[in-house]
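The chains referred to below are lettered A, B, ... by the order of the sequence lines, with proteins before strands, and numbering in each begins at 1. Excluded from the calculations below are hydrogen atoms, water molecules and symmetry mates; all remaining heavy atoms, backbone and side chain alike, are included.
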2 protein chains.
Amino acid sequence: MARPCCYFSPMPLPEPLRAATVGDVAALAGVSSATAARALGGYGTVSPRTRDRVADAAHALGYRANGIARSMVTGQTSTLGLVVADIENPFFAAVTRGFGDVARSAGYDVMVVNTDEDPARERAALGVLVGRRVDGVALSPASSREAGHLHMHVASGQPLVLLDRGVRGLRADVVGIDNRAAARRAVEHLVAAGHRRIAMLAGAGSGGRPLQAEGVPPALMTGLDRIRGYRDALSSAGLDGLPDYLRVTHFRSSAARAAIRELLALPVPPTAVFCSDSLLSLGVLAGAADSGAVIPVDLSLVAFDDADWMDVVTPAVTVMDQPAYDIGAAAADRLLRRVAGDTARPRRVVLPTSLVARGSVAAPRTAVRRVQRPAAP
Amino acid sequence: MARPCCYFSPMPLPEPLRAATVGDVAALAGVSSATAARALGGYGTVSPRTRDRVADAAHALGYRANGIARSMVTGQTSTLGLVVADIENPFFAAVTRGFGDVARSAGYDVMVVNTDEDPARERAALGVLVGRRVDGVALSPASSREAGHLHMHVASGQPLVLLDRGVRGLRADVVGIDNRAAARRAVEHLVAAGHRRIAMLAGAGSGGRPLQAEGVPPALMTGLDRIRGYRDALSSAGLDGLPDYLRVTHFRSSAARAAIRELLALPVPPTAVFCSDSLLSLGVLAGAADSGAVIPVDLSLVAFDDADWMDVVTPAVTVMDQPAYDIGAAAADRLLRRVAGDTARPRRVVLPTSLVARGSVAAPRTAVRRVQRPAAP
DNA sequence: GTCCAGAGTGAGAACGTTCTCACCACATCG
DNA sequence: CGATGTGGTGAGAACGTTCTCACTCTGGAC
């Protein structure tokens with residue numbers, strides 16, 4: 001009786017390398033696998049005595065149900081996919097956090113994939129997630145044009161929620177803000193301060209070449225909508241017709257830094273700039289310093305996304321804040337509803353934005369002149 | 001022949017709602033499931049003609065292999081688990097990015113879970129990941145004391161790599177930096193600038209009460225090691241014995257803000273402060289401004305982690321930089337080796353840090369006096 | 001005493017893949 | 001001409017769970 005288990009057992013592997021199964025638990029408890037499964041799963045009828053014996057056996061064996069096998073039979077994985085451009089961008093980090101918190105509290109786990117705004121990688125990521133049979137996917141589309149894979153995904157009946165950016169004609173929920181209106185409001189803030197030469201820095205993953213006048217728009221909905229809002233504000237103030245003030249750059253502060261230097265070196269430089277992303281505004285601060293321009297004296301700045309450092313720089317940065325965490329949370333909520341079987345027609349969830357006025361906006365200097373290293377006042 | 005498939009087929013669900021299986025592909029190609037599986041999987045021997053027919057059928061049906069079923073039989077999920085404190089912290093965001101990039105290029109996906117430095121949530125997260133049968137887990141332990149679940153995990157033979165922080169006595173790889181030496185070097189930088197009253201702000205998830213002199217250390221290895229390094233530097237400069245200058249706070253800039261205000265309000269305030277985290281240094285900037293202290297005139301600052309905003313604030317912040325992306329990448333690399341079967345004894349991978357000297361450190365003022373709103377020089 | 005409800009249990013199918021094994025046809029060799 | 005591969009194929013087991021079905025046994029109603 002000293003080592004009863006090893007005598008007749010044909011066990012192929014040493015004990016610690018194989019995780020305990022329902023069968024192991026059942027054998028130790030002296031019941032059938034079916035009964036053990038019932039006791040463990042808490043369904044069907046099991047006598048209290050049996051239930052206890054099974055529970056003890058499971059504890060003794062360190063049994064943990066195999067989620068893979070469970071997914072196999074139930075057809076669901078309790079896993080959601082999240083496809084974002086770049087988790088290092090504070091906006092997406094907050095979105096991911098909100099998404100994950102809601103998912104977790106509903107018993108779901110999350111697989112996160114970065115695309116770096118590359119449609120090819122987005123397509124691959126979606127393929128992987130589908131192959132892994134996630135129950136649903138939330139995705140911030142890298143391109144508004146290369147979206148064939150998204151249409152196929154939706155057509156196959158799988159839950160999909162679009163994050164932050166919409167795709168025209170795609171029957172899927174969209175969770176985000178009204179980018180056009182928000183951008184318009186941000187630029188109107190500059191107009192109200194008296195600015196007439198207002199530049200815009202927009203981020204786009206693919207491309208990076210400056211946008212031609214009336215030329216090809218960046219393959220990106222968010223950027224496009226914000227550019228529209230920028231133009232709305234300009235034209236309703238009667239300030240349109242200066243395409244050189246719009247710069248589309250990569251989502252890198254270094255690109256924005258170069259762009260703002262270029263703008264400030266123009267014969268007639270802008271007196272204010274609107275940035276479509278917090279990373280870009282970082283570059284603007286650096287580039288303005290490079291050019292010897294003092295914010296807000298020589299250049300006013302309104303940025304997008306209230307990054308945590310925005311109120312410790314001098315001057316603090318005026319921003320159009322969007323509720324990133326809430327966007328992620330709302331997306332998870334929407335997606336979970338779809339996963340649960342909600343087949344109502346796609347909804348567009350628009351979350352509120354707010355303009356946070358800080359010190360980076362001031363009235364423009366009256367005289368029109370090249371910015372130089374400013375003399376003492 | 002108009003609708004041949006629907007006549008005798010006992011198919012229970014409408015076509016578009018059921019993903020195609022190997023059997024479906026095989027039926028369409030007119031071969032057995034075994035042959036279709038061989039053709040799809042690229043193993044065994046299949047005639048070129050058959051291979052083409054199967055490929056065509058798979059394409060026509062939009063077949064995508066069921067990863068769950070594959071995991072079921074192969075026993076591996078091609079998924080890695082990543083357990084971090086908070087993905088919104090730029091350090092962990094970068095770690096996650098590095099980890100994910102390496103994992104993805106090796107064909108692995110990543111499940112990320114946040115713990116908010118809560119050992120209970122960490123334990124739960126590990127349980128979930130094990131239940132999901134991930135092939136390996138990388139984890140930055142929330143506590144160096146409550147680590148029973150980690151010991152059990154390692155004892156069960158499952159690959160585990162510790163991120164950023166070690167756990168005493170745990171037979172697992174650790175990837176990170178030499179926190180003690182890095183902290184020491186950072187503080188020595190302040191000593192070299194002439195400071196003698198040097199404070200430290202350390203972050204800890206649990207607790208938040210100020211650390212008693214020789215009292216209970218925060219349940220956190222990184223913080224502890226950095227505190228040791230701080231003390232090393234002080235004692236080798238003959239400056240020890242001022243416990244009031246050490247503050248352990250939550251990982252929030254608001255907590256740091258309050259702490260630095262407290263420190264600056266002391267009868268004999270510190271002339272310099274060392275921050276163990278970028279979030280805390282954000283609070284220091286705000287708190288110093290609250291108190292009317294000018295950096296670096298009234299207070300010198302050395303922070304940890306080179307966040308992207310650190311060189312656009314005025315003055316730019318001197319930091320001890322650690323390679324967060326590389327730490328994540330190296331952790332994934334280590335973990336993948338373990339997953340592949342490497343059973344060599346645990347290694348400790350120590351990545352280099354570098355002190356980035358910027359404008360936030362200056363010599364202390366000679367006179368000892370309370371900090372007030374500074375007059376013009 | 002007979003019948004039935006229902007609690008408790010065990011046998012076994014199902015999920016979709018991988019992969020072993022057996023089989024067949026054909027070519028090659030002794 | 002029979003023995004021996006060999007390329008190509010199909011049948012079916014295995015993974016570990018959930019869950020349906022059938023069975024036994026008990027107690028109560030008639």
Is the shortest distance from a Lys or Arg side-chain nitrogen in Glu122(A) or Arg165(A) to a carboxylate oxygen in the other one below 4.0 Å?
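Salt bridge between Glu122(A) and Arg165(A), a charged N being under 4.0 Å from a carboxylate O: no.
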Measure from [atom1] on [X] to [atom2] on [N] and round the result to the nearest Å.
X         : N       : atom1 : atom2 : value
Arg64(B)  : dG16(C) : CZ    : P     : 16 Å
Leu40(B)  : dC19(C) : CG    : C1'   : 15 Å
Ile68(B)  : dT18(D) : CD1   : C1'   : 15 Å
Arg132(A) : dG16(C) : CZ    : C1'   : 16 Å
Arg51(B)  : dG7(D)  : CZ    : P     : 13 Å
Met72(B)  : dT18(D) : CE    : P     : 11 Å
Asn66(B)  : dT17(C) : CG    : P     : 6 Å
Asp24(A)  : dG16(D) : CG    : P     : 8 Å

Quick one: which protein N/O atoms are closer than 3.5 Å to N/O atoms of nucleotides 4-8 of chain C? Pair and distance per line, please.
none

So how far is it from Asp118(B) CG to Arg123(B) CZ, rounded to the nearest 0.5 Å?
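The distance works out to 10.5 Å.
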Could you give the distance from CG (Asp326(B)) to CZ (Phe99(B)), rounded to the nearest 0.5 Å?
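Interatomic distance, Asp326(B) CG to Phe99(B) CZ, rounded to 0.5 Å: 14.5 Å.
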[X] side chain near [Y] side chain, heavy-atom distance below 4.5 Å:
X         : Y         : answer
Arg38(B)  : Thr45(B)  : no
Leu162(B) : Val167(B) : yes
Asp109(B) : Leu129(A) : no

Which one, [options], comes nearest to the side chain of [X]?
X        : options                   : value
Ala34(B) : dG12(D), dT18(C), dT18(D) : dG12(D)
Arg38(B) : dT18(D), dT18(C), dG10(D) : dG10(D)
Thr35(B) : dG12(D), dG16(D), dT9(D)  : dT9(D)
Val73(B) : dT17(C), dG10(C), dA14(C) : dT17(C)

Qualifying residue for side chain to side chain donor-acceptor pair (under 3.5 Å) with Asp173(B), from Arg338(B), Arg348(B), Arg345(B):
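Exactly one pass, corresponding to Arg338(B).
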Tell me which of Gly44(B) and Ala69(B) sits closer to the 5' end of DNA chain D, going by the nucleotide each one is nearest to.
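By nearest-heavy-atom nucleotide position, the 5'-most residue is Gly44(B).
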Applying side chain to side chain donor-acceptor pair (under 3.5 Å), which residue pairs with at least one partner in residues 68-78 of chain B are found, sequence neighbours left out?
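Sorted result for residues 68-78 of chain B: Thr77(B)-Asp135(B).
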Note the angle between the end axes of the helix from dG1(C)-dC30(D) to dG30(C)-dC1(D), five pairs defining each, rounded to 10 degrees.
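Rounded value for the end-axis angle: 70°.
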At under 4.0 Å, does any side-chain N or O of Tyr63(A) touch on OP1 or OP2 of dT17(D)?
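So the side-chain polar atoms of Tyr63(A) do come within 4.0 Å of the phosphate oxygens OP1 or OP2 of dT17(D), strictly under.
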If you look at every heavy atom in Tyr43(B) and Ala37(B), which pair is closest and at what distance?
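For Tyr43(B) versus Ala37(B), the nearest heavy atoms are CE2-O, 3.6 Å.
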